Structures are given as structure tokens and as C-alpha cells.
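In what follows, chains carry the letters A, B, and so on, assigned in the order in which the sequence lines appear, proteins first and then strands, with residues in each chain numbered from 1. Keep in mind that what you see is a predicted model, and the values were worked out from it rather than measured.
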Number of protein chains: 2
Amino acid sequence: MGRQHAERVDLAVSTVIFALRPSPDSDLMTLWLPLVRRIREPYEGRWALPGGWLSPEHDLETAARATLGRTTGLTPRYLEQLYAFGTLDRSADDTRVVSIVYWALVHADEAAQAIDSDNVEWFAVDDLPELAFDHRTIVDYAVWRLRTKMEYSRIAHGFLGETFTLAQLRQVHEAVRGCSFDPANFRRQILATGSLVDTGEHLTGTSHRPPRLYRYDTAVQPADHGPLTPSKEQA
Amino acid sequence: MGRQHAERVDLAVSTVIFALRPSPDSDLMTLWLPLVRRIREPYEGRWALPGGWLSPEHDLETAARATLGRTTGLTPRYLEQLYAFGTLDRSADDTRVVSIVYWALVHADEAAQAIDSDNVEWFAVDDLPELAFDHRTIVDYAVWRLRTKMEYSRIAHGFLGETFTLAQLRQVHEAVRGCSFDPANFRRQILATGSLVDTGEHLTGTSHRPPRLYRYDTAVQPADHGPLTPSKEQA
DNA sequence: CCCCTTCTGGTCATGTCAACCTGAACCCGG
DNA sequence: CCGGGTTCAGGTTGACATGACCAGAAGGGG
């Protein structure tokens, strides 16, 4: 059962971090994610997902959180395991690496003040550079999961602040799903889920009728993980 | 970035294998899965999921397939990665193990002639013994995934043969979902998806009107994996 | 030959959802 | 101070999907 070859399997944990930022050309909100420039071979100079080796004293999720804090200085509003990638050819040299990848949502205005250090840069998901390893596949899968989960779950929460208007929430859905929704129908559907709480306050300062401010019902879980509760694998 | 402690992280691959068998007390079909008895500490004598250490020359999915063949002698009709479990306390001794778990569906009548060797035994998911490690949590999660996926995907395929009647397909859904469906409505919904092909043949020998035999449309994928095609991570 | 079973197709009431319409409420320019 | 512009907020309508139910068709068994 032990390892027969001299080589071994290395375990890495990477994270796909999503934030919502205004597009440079249009004023619409689009998806962005931070990448780090590789300073070592293989793929030196290429952009890659933030991550690191898994040390024995760290939990998988803890490692993903640490990576997130190291590269962006932020704490995620949502964090979930994406997939474990482990094909033989994904490392390009003769090492064998299995990457357990997480995906996270961070606050939009927090992401604006995030650190933009030398080797970390934010990219729009529609305009990514060439990535190292199989990271392009990973990002595509993460975007697909985000889009799919947005349809049936309430993870839009992760992009917004404590209180928000229905228009803001709708803009998040439109940015991620990539299509526009009827404001009236969107209101009816969202309110029908019972996951929103009316704060009674209104957002003022707009040049039109002041919209109501809502808050998420904290009693409802943001996403259905089945028997696995988030942030805890209830071992 | 390297491992700081003397201990390391070991990587295991386990598989939750599902088959449909008639219940011993009732004649209804129920979910069963094979477990292996541990012959070593920790948890010696307890039942556990089939699995093994990941060797550097094996793909993750290949390892899962190998485990499946070793314990049941079967090839899966469906195989998908479930989750990577990696909390610190899941090994009960001072080793650190990360388990990448797959789940699989095998043929019902093939499972009947499957090997029932000394240390391998099939159990009904509703009547499981105490399991080793956190394997009970893993099984619960796998059952939840199977039930959830059955609602929107066409993985019932994995339990059936090449051709089948609508009643057989309905029985699979009823066994997994745990409720009964109206035959007429079930027919309408399934046929509306366009994933079934009428073979033109009928099943004879029954004591009632002979039902039509259908076949799955091979052009349609059994499940939506997004950018990740099954059996291939398109690295 | 009648009866029982299941298959197969159909109807009907209900609920859901997208498209559309209308009044409400606020800011701003004149 | 007042009317126009804009968005919010709620209601209506028609198309479509869903679930409960019904009835004829087609076999085998007593």
C-alpha cells in the first residue's frame, strides 16, 4: 500500500477568489479574481491561482482561508470546496501534485481596498491571461459552479454588505448570470423565498423614489451543503 | 512552504459504491453499499469504506476504479468525485490523512453476483453498522448527493441495463428518492426530456400488458459536470 | 371467457413564471 | 413652487409546467 516509487504525491491547496467590480469600459459590474505571478519554475512568470502546500497541522479550509488572507488581506464571505485535481500530467515537470481547490466570495468594496502588491493582480474573468498548469480549467469550473449555484442558492449574499436594496441584489445576479431580470419579477421571487428581512429603513440620496433596505435572514443557511455544514465537516 | 513537522500528510482515495438490491423484509428495492472490515489499528474490526493510499503513478479516478474492482469485481456505470475530507482529527491516531472520496453506481444484477468475500460485505444504507473514522459522515453525504442528483440529472441510468421499461426506471427513482410516483405523470416527464429512445420492442412474459423497452440516448450526457467532462479532467 | 393487472394516453384544476401595466415617491430644473 | 424624469412597488394576464385523476388497451390466469 505504501509508495513504490521514489517520488511522492504532494498536496497543495489553492483558492479561486471572486469579487464583483465595475468593468473598466462599461459601468456594469463584472466578475474579477486575483492571480499571483509565479517566481519559480515551472511556469515562471506566468499567472497562477493563489495557493500553497498543505502542512500537516493545518485544516484544508484553514489553509484556503490563510491563502486568501495572504494574497488579498480579506476574509471570505463565503467559502466552499470546489474539487480535487489530480491528473498525472498537471505539473509539467516530473513531480506529482494533487491540488484541492476552494472557491470564495469576497465583499465588493472591501475588494476595492484590497492589497494590489507586486505579484498579486486582479483580472476580469472574461479577460484572463494565460495561466500556469491546468489553472484555466479550474477557473472555468469555478465560474460554472458560481453561476450554477447562484440559480438555486442564496450566495449572492457574499458579494454584498449587511444591508442592501433589491436593485443591488439584482445587479449581482445579473453580473454573475450574465443576463438582465425584470425588477418586478425578481422582487417577487426573492421575497417569496423568505430569506430577506425588511429593515424598515430606506436608502436616501438617490434621484428617485428611495428603495427599501433589506437584510439577510441569518437563520437561513446561505447554501445547501447537505449533511456537510459549512466551515465544519462535523467530524 | 515545506512540511515543518516530522509528520506528513498521507493521501487516500476511497469510494462509496451504490447498488440497488431487493430489501430482505419487503420486496421493494433499496440502496446497498459494500464495506470492508479493517484488519489493522486504528478501528480494527470495524467496517470502513473501501479505499487505499494514492500511489504517485495512479490517477485519482484510476485509483477509485481500482478500489472498486478490487472489492466488488465490478466496473462502475457511473463514477464521480464526491469530496476531499481533511480535518485534523479524522484519523484518531497521530497521523494526518486526507481522503479524496468518489462515489459510484453499479449494475443491480451484476452486484448480485459480486464477490462477497471474507472481509467485504454489502449493507443496506438504512441499516449500517458503526463505521470507522468519519466514514458515516461521508456515507451520509454521498447518499444526499445521490438523492439530490437523481432529481435533476439522469444518473438512474447507472442502476439499469441497456434496455429497460419505464416501470423499472420509475422503481429506481422511487427507491432512491424514497417516495412513489404516479406512473402516468412519470412517463410524461421522462419522455419530455427527450433522453429516452423507444426500441420498438416489448418485454413479454408478464401477467399484464407488455411494456415497451426503452434505451438511453447516448448522445446526451448522463450528468452535467460543467467544464469537467466525466472520466477526463481535460487537463 | 371473465377478471385482474399494468401499460398508455388523455383531461382538468392548480401553481408557477415571464411579460406587461400602473400608481407611488423622491430629486431636480425651471 | 411645480412639473418632468426616474426608479420603486404592487397588481394583472396569459403561457406553461405540475399533480391528481380517469379510461381504454393489452396481456396472463383462473
Side-chain angles (χ1 to χ4, degrees), chain A residues 22 26-29 147-148 150-154 156 160-161 163-217, chain B residues 22 26-29 147-148 150-154 156 160-161 163-217:
Chain A
S26 74
D27 54 349
L28 289 169
M29 300 291 272
R147 293 220 163 100
T148 315
M150 188 78 77
E151 295 180 15
Y152 66 91
S153 192
R154 331 173 337 182
L160 294 170
T163 62
F164 48 87
T165 69
L166 286 180
Q168 290 171 341
L169 182 62
R170 183 167 47 85
Q171 279 168 17
V172 171
H173 276 85
E174 289 174 346
V176 174
R177 304 272 304 276
C179 57
S180 59
F181 298 97
D182 180 69
N185 293 333
F186 182 80
R187 146 186 306 275
R188 181 158 30 86
Q189 288 177 157
I190 283 290
L191 293 182
T193 64
S195 56
L196 290 191
V197 179
D198 190 348
T199 63
E201 302 173 13
H202 292 258
L203 181 65
T204 57
T206 60
S207 70
H208 52 78
R209 175 172 173 178
R212 273 183 182 158
L213 283 171
Y214 290 88
R215 170 179 292 119
Y216 265 103
D217 188 355
Chain B
S26 75
D27 54 350
L28 290 169
M29 300 291 271
R147 294 220 162 101
T148 317
M150 188 78 76
E151 295 180 14
Y152 66 91
S153 192
R154 333 173 337 180
L160 293 170
T163 62
F164 47 86
T165 68
L166 286 180
Q168 290 171 340
L169 183 63
R170 183 167 47 85
Q171 279 168 17
V172 171
H173 276 85
E174 289 174 344
V176 174
R177 305 270 306 274
C179 56
S180 58
F181 298 99
D182 180 69
N185 293 332
F186 182 80
R187 148 186 305 273
R188 178 158 34 91
Q189 289 177 152
I190 282 290
L191 292 182
T193 64
S195 56
L196 290 192
V197 178
D198 190 348
T199 63
E201 302 173 13
H202 292 258
L203 181 66
T204 55
T206 60
S207 70
H208 54 78
R209 175 172 174 178
R212 272 184 182 155
L213 283 172
Y214 290 88
R215 170 180 293 118
Y216 266 104
D217 187 356

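Among the atoms of the strands shown, none is found under 4.0 Å from any heavy atom of B:T204.
On the nucleic acid side, DNA chain D has its first and last nucleotide under 4.0 Å of a heavy atom of chain A at D:dG5 to D:dG11, going 5' to 3'.
Rounded to whole Å, the distance from CD1 on B:I190 to C1' on C:dG9 is 17 Å. Atom C1' of nucleotide C:dT6 and atom CG of B:L166 are separated by 12 Å, given to the nearest angstrom. When rounded to the nearest whole Å, the span between NE2 of B:H202 and P of C:dC7 equals 13 Å. Distance B:F186 CZ to C:dT6 P: 16 Å, rounded to the nearest Å. Distance B:H208 NE2 to C:dT8 C1': 13 Å, rounded to the nearest Å.
Nearer the 5' end of DNA chain C, as judged by each residue's closest nucleotide, is the contact made by B:R212, out of B:R212 and A:G205. Across the interface with DNA chain D, nearest-nucleotide mapping of B:T206 and A:S207 shows A:S207 to be the residue nearer the 5′ end.
With hydrogens and angles disregarded, no donor-acceptor distance shorter than 3.5 Å links the side chain of B:T199 to the backbone of B:R215. Between the side chain of A:Q189 and the backbone N or O of A:F186, no donor-acceptor pair lies under 3.5 Å.
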Checklist entry - Tell me, for nucleotides 12-23 of chain C in 5' to 3' order, what letter each nucleotide earns: B for a base near a protein heavy atom under 4.0 Å, S for only sugar-phosphate near one, - for neither? => result ------BBB--B
Item to check | Pair B:E174-B:L28, side chain to side chain contact (heavy atoms under 4.5 Å, CB included): steps then yes or no | outcome: CA-CA 9 Å; B:E174 289 174 344; B:L28 290 169; 6.0 Å; no
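When all heavy atoms of B:N185 and B:R188 are compared, the closest pair comes out as OD1-NH2, 2.7 Å.
Counting heavy atoms from C-beta on, the side chains of A:R154 and A:T193 never come closer than 4.5 Å. Between A:T165 and A:Y214 there is no side-chain heavy-atom pair separated by less than 4.5 Å. The closest side-chain heavy-atom distance from A:I190 to A:R170 is not below 4.5 Å. Taking 4.5 Å as the limit, some side-chain heavy atom of A:Y216 sits within range of a side-chain heavy atom of A:L196.
Using bins of under 30°, 30° to 60° and over 60° for the plane-to-plane angle, the ring pair B:H173/B:F181 lands in the perpendicular bin.
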